[in-house]
A.B. asks: 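First, the structure itself, so that you have it in front of you.
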2 protein chains.
Amino acid sequence: MDVRTICLGILTRGDATGYEIKNLFEEDGYQHFVEASFGSIYPALNRLTEDGLVSAREEAQEKRPDRKVYSITPAGRSAFIASLLKPLPEDRHRSPFVFAMLFSDLLPGARVASMFDAYSAQIQTKLALLQESNGKQKTQGEEFANGFGRAIYEAMLNFLKTERAKYETAEAVAAE
Amino acid sequence: MDVRTICLGILTRGDATGYEIKNLFEEDGYQHFVEASFGSIYPALNRLTEDGLVSAREEAQEKRPDRKVYSITPAGRSAFIASLLKPLPEDRHRSPFVFAMLFSDLLPGARVASMFDAYSAQIQTKLALLQESNGKQKTQGEEFANGFGRAIYEAMLNFLKTERAKYETAEAVAAE
DNA sequence: GCCGATCTATATCGGACCAATATAGATACG
DNA sequence: CGTATCTATATTGGTCCGATATAGATCGGC
């Protein structure tokens, strides 16, 4: 899913600025499976405007930077739906942590333990975010995404918990 | 995890060509959490060679294209371990499918159903691959990665199964 | 009351990475 | 006998991210 398509999708739910689009990923997290950076959102919105798939109106604000509020056009809506009818790219789940674990035999036990605990805490945090926002979903799709995310994070945590005993504790190592 | 680090890691397990490194991702799947393309592997190996972190020897082959076999140097091994001691980047799980599901209300029911089933089949295939290779792992790290992957895919499939009934079946739609 | 941090808001640039393509002989399959 | 797949390296166009620049406003703490 390229950033242009992602922007179109968000704009089907209402007008927004580039800044607001980015924040949707961080606040709502858009359920953790979609992301884009400023460095790709702003150029994407420019190209969408050129192509007539969105329209922009500038709002000069007092005491705040000017805003460019984008709206999706009928052509944009069609293009968006058309892109969802094409075969979808596969998921890509990149995990530097799993990569590092593949080489745990080369690392000090203390490092493995701390890496493990940090990762578990991170997943726990992400799960908590989804649980917190659970129930606030507006569409069936958002409910699905929230539930899917929770199912995955819970499974990850469960597995991590059962594996944890195989590695020395960070405290035990510190005590040596 | 940048591609250079990934290449270094693979080379700690033995010498390999760029071609072989790429195939590790596809055959072993490197447990589905690590990937890189030719377009980034070859330049990465060149830069690693320049930096003295790997060495290359060319093997002219009869009846086959020449091979450049790379070996990690002591400096490369140190650099690799050092990079695993630094804080790890977070996982990134991008799912065009979940993104599409967020907009299921804009799509024909038949499309949602077929998309859903195609995705389930895809995850099922990936799970089967991990189950097939389960037991063939050489290191503790590989066993961890395999188990982690299976736990995640199983949770995904379970969730998909419980949600499936909410969407019309592809067959029912086709029959209309 | 003031200082630093965070927020609103857009934008660009370098670098990293991917997908597609080019090349080319070998082997395998039907 | 032709086509597809395999071994093997490499480049290119384009996409995307992370860092950085800019700049006034607001907010919290001391």
Side-chain angles (χ1 to χ4, degrees), chain A residues 1-8 10 15-27 30 33-51 54 56-70 83 86-94 96 99, chain B residues 1-8 10 15-27 30 33-51 54 56-70 83 86-94 96 99:
Chain A
M1 281 297 108
D2 54 272
V3 179
R4 286 204 302 286
T5 305
I6 293 172
C7 288
L8 281 181
I10 290 171
D15 297 354
T17 66
Y19 185 74
E20 287 164 349
I21 290 172
K22 173 74 168 108
N23 283 349
L24 264 181
F25 297 127
E26 283 174 1
E27 287 163 29
Y30 240 68
F33 297 108
V34 190
E35 255 171 86
S37 68
F38 284 129
S40 51
I41 290 173
Y42 285 116
L45 289 170
N46 285 335
R47 252 198 70 185
L48 288 169
T49 307
E50 280 171 38
D51 295 350
V54 308
R57 61 173 186 283
E58 263 174 269
E59 286 182 4
Q61 298 189 115
E62 280 168 32
K63 309 196 176 184
R64 291 212 171 272
D66 292 356
R67 293 154 47 90
K68 275 194 203 170
V69 183
Y70 293 90
S83 73
K86 288 191 297 184
L88 301 171
E90 287 196 20
D91 283 20
R92 37 177 56 179
H93 189 163
R94 305 288 174 88
F99 174 76
Chain B
M1 282 299 108
D2 55 272
V3 178
R4 285 203 304 285
T5 306
I6 293 171
C7 289
L8 280 181
I10 290 170
D15 297 354
T17 65
Y19 185 75
E20 287 164 350
I21 290 172
K22 172 72 167 108
N23 283 349
L24 264 179
F25 297 127
E26 284 174 1
E27 286 162 30
Y30 239 67
F33 296 107
V34 190
E35 255 172 85
S37 68
F38 284 129
S40 51
I41 290 172
Y42 285 116
L45 289 170
N46 284 336
R47 253 198 70 186
L48 287 169
T49 307
E50 280 171 39
D51 296 350
V54 307
R57 60 173 188 283
E58 263 174 89
E59 287 183 4
Q61 298 190 117
E62 280 168 32
K63 309 196 175 183
R64 292 213 171 271
D66 292 357
R67 295 153 47 89
K68 276 193 203 169
V69 182
Y70 293 91
S83 74
K86 289 190 296 184
L88 301 171
E90 288 196 19
D91 283 19
R92 38 178 47 185
H93 189 162
R94 305 288 174 87
F99 175 75

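In what follows, chains carry the letters A, B, and so on, assigned in the order in which the sequence lines appear, proteins first and then strands, with residues in each chain numbered from 1.
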A.B. asks: Which whole-number value in Å describes the distance from A/Glu59 CD to C/dT8 C1'?
C.D. replies: 13 Å
A.B. asks: Could you tell me how far apart B/Leu45 (CG) and C/dC17 (P) are, to the nearest whole angstrom?
C.D. replies: 12 Å
A.B. asks: In whole Å, what is the span from the CE atom of B/Met1 to the P atom of D/dG18?
C.D. replies: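 Checked: the CE to P distance equals 13 Å.
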A.B. asks: With rounding to the nearest 0.5 angstrom, report the CZ to OG1 distance, A/Arg67 to A/Thr17.
C.D. replies: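 So the gap between those two atoms works out to 5.5 Å.
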A.B. asks: Aromatic rings A/His93 and B/His93: how do their planes relate, parallel, tilted or perpendicular, breaks at 30° and 60°?
C.D. replies: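 The rings of A/His93 and B/His93 lie parallel, inter-plane angle below 30°.
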A.B. asks: B/Arg92 has an atom CZ; how far is it from atom P of C/dA16, in whole Å?
C.D. replies: 15 Å
A.B. asks: With sugar-phosphate meaning primed atoms plus P, OP1 and OP2, does A/Ala44 contact a base, only sugar-phosphate, or nothing at under 4.0 Å between heavy atoms?
C.D. replies: nothing
A.B. asks: Tell me, for nucleotides 9-15 of chain D in 5' to 3' order, what letter each nucleotide earns: B for a base near a protein heavy atom under 4.0 Å, S for only sugar-phosphate near one, - for neither?
C.D. replies: BBB---S
A.B. asks: Would you call the rings of A/Tyr19 and A/Phe38 parallel, tilted or perpendicular, where under 30° means parallel and over 60° means perpendicular?
C.D. replies: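 Because their plane-to-plane angle is under 30°, the rings of A/Tyr19 and A/Phe38 count as parallel.
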A.B. asks: Drop me the distance from A/Ile41's CD1 to A/Glu20's CD, to the nearest 0.5 angstrom.
C.D. replies: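 It comes to 11.5 Å.
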A.B. asks: Inspect the contact between A/Arg57 and A/Glu59 and indicate whether a charged nitrogen and a carboxylate oxygen are less than 4.0 angstrom apart.
C.D. replies: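 Answer for the salt bridge query: yes.
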A.B. asks: Going from SG on B/Cys7 to CG on B/Leu48, what distance comes out if it is rounded to the nearest 0.5 angstrom?
C.D. replies: 6.5 Å
A.B. asks: So if I take the C1' atoms of five pairs at each end of the helix from C/dG1-D/dC30 to C/dG30-D/dC1 and get each local axis, what angle do the two axes make, rounded to 10 degrees?
C.D. replies: 50°
A.B. asks: B/Glu26: what forms a salt bridge (Lys or Arg N to Asp or Glu O under 4.0 Å) with it, not counting sequence neighbours?
C.D. replies: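 Expected list: B/Lys22.
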A.B. asks: Once you round it to whole Å, what is the distance between P of C/dT6 and CG of A/Asn23?
C.D. replies: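 The distance from CG of A/Asn23 to P of C/dT6 comes to 15 Å, rounded to the nearest Å.
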A.B. asks: Atom CD of B/Glu35 to atom P of C/dC17: distance rounded to whole Å?
C.D. replies: 13 Å
A.B. asks: Distance from A/Asn46 atom CG to A/Asp51 atom CG, nearest 0.5 Å?
C.D. replies: 11.0 Å
A.B. asks: Roughly how far apart are B/Phe99 CZ and A/Ser83 OG, rounded to 0.5 Å?
C.D. replies: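 Those atoms lie 7.0 Å apart.
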A.B. asks: Atom CD of A/Glu26 to atom P of D/dC17: distance rounded to whole Å?
C.D. replies: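 In whole Å, D/dC17 P lies 12 Å from A/Glu26 CD.
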A.B. asks: Given atom NZ of A/Lys22 and atom P of C/dT10, what is their separation to the nearest angstrom?
C.D. replies: 14 Å
